[in-house]
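In this text the structure is predicted, and so the values were computed from the model without any measurement. Naming: A, B, ... by sequence-line order, numbering from 1 per chain.
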2 protein chains.
Amino acid sequence: MGFPETFKALSDPIRREILVLLRQGRMSAGEIGQHFDMTGATISYHLSQLKKAGLIFETKYKNYIYYEINVSVVEEIMLWLSQFNGGKKNE
Amino acid sequence: MGFPETFKALSDPIRREILVLLRQGRMSAGEIGQHFDMTGATISYHLSQLKKAGLIFETKYKNYIYYEINVSVVEEIMLWLSQFNGGKKNE
DNA sequence: ATTCTATTTAGAATTTTATCTAAATACATT
DNA sequence: AATGTATTTAGATAAAATTCTAAATAGAAT
């Protein structure tokens, strides 16, 4: 957790795609994997990076592990970025 | 230019620090370098990454190359991020 | 209890990124 | 023109990130 991990996590295109997928709601590791042409192990690695960054969290149910976005961390990043547009948050 | 480069550029702590420095206004490569314990060549490399990402631009004057933030690209990133907090830009 | 399914972990291989030293450019000053 | 200062480029090395295969876990279902 913390800026460094979060920015690192966001720097990978696959991980950004995963976040976009999760916009629609929580999804199991397997479902997420179906959207990509990579092994489950690799998806698992990316999920672990996102989790380490605090960008997603998991909940287990039966055999599955579901992932979900953590919006508050996204907001921290936006806050950091807002220092560059003169504090003008948005209009 | 484009998201991938921009996120990659932002993922490095040194480059984020450079951006923070440049908040105060334009600065030459040398001045920027003085804030870090690295060779000029390395600073130059980081500047080139930021430039490639469109996050900064340069203007030459005499012997010097001055760098400056390009706010509009920062805004694009914020816009992309805003898809995750329900379009609630900021309040 | 055995087998099946979902997912992660470990270890190795590949690729990418960050850094340095040395050399090249470019312009300024003497 | 010769030297000096600021910066970049090239090439090498080291460190970090991504990916795979194979094995390990964990729980579900037979």
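Residues B/Ala29 and B/Ile43 come closest through the heavy atom pair O-CG2, 4.2 Å.
B/Lys51 pairs by the salt bridge (Lys or Arg N to Asp or Glu O under 4.0 Å) definition with B/Glu58, not counting sequence neighbours. The ring pair (Phe, Tyr, Trp, His ring centres under 6.0 Å) test applied to A/Tyr45 returns no partner, not counting sequence neighbours.
Of the candidates B/Leu19, B/Leu22, B/Ile18, B/Tyr67 forms a side chain to side chain contact (heavy atoms under 4.5 Å, CB included) with just one, namely B/Leu22. With A/Phe84 as the partner, the side chain to side chain contact (heavy atoms under 4.5 Å, CB included) test is satisfied by one option alone out of B/Val20, B/Leu55, B/Ile77, B/Asn70: B/Val20.
The hydrophobic cluster around B/Phe57 extends to none of the other residues, as no ILVMFWY side-chain heavy atom falls under 4.5 Å of it.
Spacing between atom NZ of A/Lys60 and atom P of D/dA28 amounts to 12 Å, rounded to whole angstrom units. Atom pair A/Glu5:CD and D/dA16:C1' shows a separation of 14 Å (rounding to whole Å applied).
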**Request:** Using a 4.0 Å heavy-atom cut-off, write out nucleotides 5-20 of chain C from 5' to 3' as B (base contacted by protein), S (sugar-phosphate only) or - (no contact).
**Result:** BSSBB-------SBBB
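Listed by residue number, there are no residues of residues 17-24 of chain A with a heavy-atom contact under 4.0 Å to DNA chain C.
Aromatic ring orientation, A/Tyr61 versus A/Tyr66: tilted (interplanar angle from 30° to 60°).
Listed by first and then second residue, the salt bridge (charged side-chain N to carboxylate O under 4.0 Å, His left out) pairs that reach into residues 14-28 of chain B come to none, sequence neighbours excluded.
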